[in-house]
Chemist: 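Here it is: the structure, laid out below.
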Amino acid sequence: MTTAMRRSIGMITATALLVAGCSAGQGDPKVALTVGDVKVSTVEQVQRTLTDLLATNQGAQDQARQHKLDQVSRGIITQQAVNQLTAEAARRAGIQIPDALAEEAIPQLTGPAATEGDPFQATVDAAFPAKELARYRLALAELGARAIGRTAITFDAAFPQNFEDARELARKVAADPAQSAALMQAVPNPQQEAAINQTQSPASAQNATQLLQIAGFPLFNIPVGSVVATRLEGEQGGYVVFYMKAKQTAAPPAGFDAGQIPLLDRSKVGRAQLMDVALKTRVEPNPRFGTWDAFSLRVVSAEEAAVASAVYQAAATKP
């Protein structure tokens, strides 16, 4: 090893040791992540994982050179949280994944096939044993397969142009859900009108791809009575306030077989099925790593948290 290489590795390792920074807020400063009543990891374990990654993973070394190791640490904590939520959702659904199946699924659910060219996710994945990731993602695939084409929903939605307006509207709708339609229709947006008492069901899907999109859309998987304010994806931007009014069990179209959908796609749909358990489970990362955004299922930075999702539970309405 050349002197230059030793210096580079030394610099990167030193950077890793500074990632955690100073702890703040309440809770045990040694704990990195708590999910429910489980202390999932410690700060020392996360730090050790980062150090190991820096010694072996080119992606982590690139992140360190760009002073972005804090993003890698958030990614690791995020994956730990998702794994815990997956395990709980699988337990509730009675899903168990044998070792042999997890081993067999490694090529499909880990590595380049699973990260689809996303170098950041590839770096985060490298922090976990491949068989462990495959097991969790197989559980998600089974959750997804059971969900595709099985639910019809009724909702209200409006499209404010900034997060403060979206969050305030969500608060008002949650406080008085009987006024949801009036509140949402009053939102000014010349490009997109409010959607009131809309339904979405498998019967409206034209093909398997649309069924997949419906089942995998996070907003369509929040618990009944939830009101979410979150940023819209895509070029137009803006925000959406979404009120889940009702869900009904539905039958998939005749001849539809979820088993024919690729395993990775089923796994992505399964991740959306975590909405219920995620919004009802306490997930607390150490403040040094960031803040948990239950809707996006990830740990976000302080800057992101200022415009992250807001979730409220609608007050009970009179019969």
Chemist: Are Val173 and Gln179 side-chain neighbours, meaning at least one heavy-atom pair lies under 4.5 Å?
Modeler: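 Contact flag for Val173/Gln179 side chains = no.
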Chemist: Same hydrophobic cluster for Phe256 and Val269, using side-chain heavy-atom links shorter than 4.5 Å among ILVMFWY?
Modeler: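 Yes.
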Chemist: Taking side chain to side chain donor-acceptor pair (under 3.5 Å) as the definition, give me every residue that meets it alongside Gln58, ordered by chain and number, with sequence neighbours left out.
Modeler: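 Only Asp62 meet the side chain to side chain donor-acceptor pair (under 3.5 Å) criterion with Gln58.
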Chemist: Would you call Pro253 and Leu211 a side-chain contact if the rule is heavy atoms closer than 4.5 Å?
Modeler: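 Contact flag for Pro253/Leu211 side chains = yes.
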Chemist: Donor-acceptor pair, Asn189 side chain versus Phe159 backbone, under 3.5 Å?
Modeler: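 Looks like yes, one N/O pair under 3.5 Å.
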Chemist: Are Val240 and Val307 co-members of a hydrophobic cluster defined by side-chain heavy atoms under 4.5 Å apart?
Modeler: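 Each belongs to a different hydrophobic cluster.
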Chemist: Got a list of side-chain donor-acceptor pairs under 3.5 Å for residues 216-229, not counting sequence neighbours?
Modeler:
unit_1	atom_1	unit_2	atom_2	d
Asn221	OD1	Gln273	NE2	3.2
Asn221	ND2	Ala215	O	2.9
Asn221	ND2	Phe217	O	2.9
Ser226	OG	Pro223	O	3.0

Chemist: Could you give the distance from CG (Leu169) to OG (Ser180), rounded to the nearest 0.5 Å?
Modeler: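 Answer rounded to 0.5 Å: 7.5 Å.
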Chemist: Are the side chain of Asn286 and the backbone of Val31 linked by a donor-acceptor contact shorter than 3.5 Å?
Modeler: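 Yes, the answer is positive, given that a donor and an acceptor are paired below the 3.5 Å cut-off.
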Chemist: Quick check on the hydrophobic clustering: are Val187 and Val241 connected, directly or via other members, by side-chain heavy-atom contacts under 4.5 Å?
Modeler: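 Linked, Val187 and Val241 end up in one cluster.
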Chemist: Could you tell me the separation between the OG atom of Ser301 and the CD atom of Gln71, rounded to the nearest 0.5 Å?
Modeler: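 One finds 8.0 Å between OG of Ser301 and CD of Gln71.
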Chemist: What pairs meet the salt bridge (charged side-chain N to carboxylate O under 4.0 Å, His left out) rule with one or both residues in residues 253-270, with sequence neighbours excluded?
Modeler: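 For residues 253-270, and leaving out neighbouring residues, the salt bridge (charged side-chain N to carboxylate O under 4.0 Å, His left out) pairs sorted by first residue read Glu116-Lys268.
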Chemist: For Arg135 and Leu101, what are the C-alpha separation, side-chain angles and deciding distance, and is it a side chain to side chain contact (heavy atoms under 4.5 Å, CB included)?
Modeler: CA-CA 8 Å; Arg135 187 188 306 277; Leu101 283 181; over 6 Å; no
Chemist: Donor-acceptor pair, distance only, cut-off 3.5 Å: does the side chain of Arg137 make one with the backbone of Thr110?
Modeler: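 Looks like no, no N/O pair under 3.5 Å.
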Chemist: Does any donor atom in the side chain of Gln79 or Asn83 lie under 3.5 Å from an acceptor atom in the other side chain?
Modeler: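 Yes, side-chain donor-acceptor contact under 3.5 Å.
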Chemist: Mind jotting down which residue pairs meet the ring-ring contact (aromatic ring centres under 6.0 Å, His included) criterion with at least one end in residues 161-182? Sequence neighbours excluded, please.
Modeler: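 Found Phe163-Tyr239.
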Chemist: Restricting to pairs with a member in residues 203-215, which pass side chain to side chain donor-acceptor pair (under 3.5 Å), not counting sequence neighbours?
Modeler: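 For residues 203-215: Gln200-Ser204.
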Chemist: Going by side chain to side chain contact (heavy atoms under 4.5 Å, CB included), name the residues that satisfy it together with Ala32, two or more places apart in sequence or in a different chain.
Modeler: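 For Ala32 the side chain to side chain contact (heavy atoms under 4.5 Å, CB included) partners, ignoring immediate neighbours, are Ser41, Val43, Val46, Ile77, Phe289.
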Chemist: Val40: what forms a side chain to side chain contact (heavy atoms under 4.5 Å, CB included) with it, not counting sequence neighbours?
Modeler: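 Val40 satisfies side chain to side chain contact (heavy atoms under 4.5 Å, CB included) with Leu33, Val35, Val38, Gln80, Gln84 once adjacent residues are dropped.
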Chemist: Does any non-hydrogen side-chain atom of Leu54 lie less than 4.5 Å from one of Leu69?
Modeler: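 Leu69 reaches Leu54 side chain to side chain.
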Chemist: With sequence neighbours excluded, what pairs up with Tyr136 under the ring pair (Phe, Tyr, Trp, His ring centres under 6.0 Å) test?
Modeler: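 Once residues adjacent in sequence are excluded, Tyr136 has no partner under the ring pair (Phe, Tyr, Trp, His ring centres under 6.0 Å) criterion.
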Chemist: Donor-acceptor pairs are to be reported for all side-chain atoms of residues 139-155 against protein atoms at under 3.5 Å, with residues two or more places apart or in another chain.
Modeler:
unit_1	atom_1	unit_2	atom_2	d
Glu142	OE2	Arg146	NE	2.8
Arg146	NH1	Ala93	O	2.9

Chemist: Distance from Asp156 atom CG to Ile196 atom CD1, nearest 0.5 Å?
Modeler: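 Going from CG on Asp156 over to CD1 on Ile196, the span is 4.5 Å.
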Chemist: Please name the pair of heavy atoms, one in Ala113 and one in Pro107, separated by the smallest distance, quoted to 0.1 Å.
Modeler: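 Looking at all heavy atoms of both residues, the shortest contact is CB-O, 3.4 Å.
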Chemist: Please name the pair of heavy atoms, one in Gly75 and one in Phe120, separated by the smallest distance, quoted to 0.1 Å.
Modeler: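 Looking at all heavy atoms of both residues, the closest pair is CA-CZ, 4.1 Å.
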Chemist: Would the number of heavy atoms belonging to other residues, nucleotides or ligands and lying under 6.0 Å from CD of Glu132 be above 12?
Modeler: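 Yes, enclosed.
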Chemist: Enumerate the residue pairs fulfilling salt bridge (charged side-chain N to carboxylate O under 4.0 Å, His left out) with a member in residues 296-313, sequence neighbours excluded, ordered by first and then second residue.
Modeler: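 Checked against salt bridge (charged side-chain N to carboxylate O under 4.0 Å, His left out) - neighbours excluded - the pairs reaching residues 296-313 are Arg298-Glu304.
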Chemist: Would you say Gln121 and Asp125 are linked by a side-chain donor-acceptor pair, where the criterion is simply a distance under 3.5 Å?
Modeler: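 Looking only at side-chain atoms, Gln121 and Asp125 do form a donor-acceptor pair, the distance falling under 3.5 Å.
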Chemist: Who pairs with Lys131 by salt bridge (charged side-chain N to carboxylate O under 4.0 Å, His left out), at least two apart in sequence or on another chain?
Modeler: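 Lys131 satisfies salt bridge (charged side-chain N to carboxylate O under 4.0 Å, His left out) with Asp99, Glu103 once adjacent residues are dropped.
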Chemist: Could you pull out the closest heavy-atom pair between Ala102 and Ala134, with the gap in Å?
Modeler: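 Ala102 and Ala134 have their closest heavy atoms at O-CB, 3.4 Å.
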Chemist: Distance from Met184 atom CE to Asn197 atom CG, nearest 0.5 Å?
Modeler: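 CG of Asn197 is found 11.5 Å from CE of Met184.
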Chemist: Would you list the pairs meeting salt bridge (charged side-chain N to carboxylate O under 4.0 Å, His left out) in which at least one residue belongs to residues 45-56, sequence neighbours left out?
Modeler: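 Pairs touching residues 45-56 that pass the test: Glu44-Arg48.
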Chemist: Do Ile106 and Ile97 land in one hydrophobic cluster if side-chain heavy atoms of ILVMFWY residues count as linked below 4.5 Å?
Modeler: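 Hydrophobic grouping puts Ile106 apart from Ile97.
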Chemist: Any donor-acceptor pair under 3.5 Å linking the side-chain atoms of Asp70 with those of Ser73?
Modeler: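 No - no donor-acceptor pair under 3.5 Å links their side chains.
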Chemist: For the atom pair CZ (Phe242) and CD (Gln198), what is the distance rounded to the nearest 0.5 Å?
Modeler: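 These two atoms lie 10.0 Å from each other.
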Chemist: So which heavy atom on Val300 is nearest to which on Arg74, and how close?
Modeler: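 Smallest heavy-atom distance, with atoms named: C-CD, 3.8 Å.
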Chemist: Would you kindly confirm whether Leu264 and Val82 end up in one hydrophobic cluster when ILVMFWY residues are joined by side chain heavy atoms under 4.5 Å apart?
Modeler: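 Yes, because Leu264 and Val82 connect within a single hydrophobic cluster, where side-chain heavy atoms sit under 4.5 Å apart.
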Chemist: First locate atom CG of Leu50, then atom CD of Gln45, and finally report the distance between them rounded to the nearest 0.5 Å.
Modeler: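 It comes to 12.5 Å.
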Chemist: What pair of heavy atoms forms the shortest contact from Ala127 to Thr49, and how long is it?
Modeler: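 Shortest heavy-atom contact: CB-CG2, 3.6 Å.
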Chemist: Given side chains that start at C-beta, do those of Leu263 and Leu138 come closer than 4.5 Å, heavy atoms only?
Modeler: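 With C-beta onward as the side chain, the pair touches.
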Chemist: How close do Gly290 and Pro285 get, counting heavy atoms only, and between which atoms?
Modeler: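 Between these two residues, the closest heavy atoms are O-CG, 3.5 Å.
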Chemist: Do Lys172 and Asp176 meet the salt-bridge criterion of a basic N to acidic O distance under 4.0 Å?
Modeler: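 Lys172 and Asp176: not salt-bridged.
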Chemist: Check step by step if side chain to side chain contact (heavy atoms under 4.5 Å, CB included) holds for Val283 and Val299.
Modeler: CA-CA 10 Å; Val283 179; Val299 180; over 6 Å; no
Chemist: Do Leu297 and Thr78 come within less than 4.5 Å of each other through their side chains, counting heavy atoms only?
Modeler: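 A side-chain contact under 4.5 Å is absent here.
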Chemist: State plainly whether the residues Glu164 and Arg167 are in salt-bridge range, i.e. N to O under 4.0 Å.
Modeler: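 So Glu164 pairs with Arg167 through a salt bridge.
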Chemist: Side chain of Thr291, backbone of Pro287: donor and acceptor closer than 3.5 Å?
Modeler: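 No, the answer is negative, given that no donor and acceptor are paired below the 3.5 Å cut-off.
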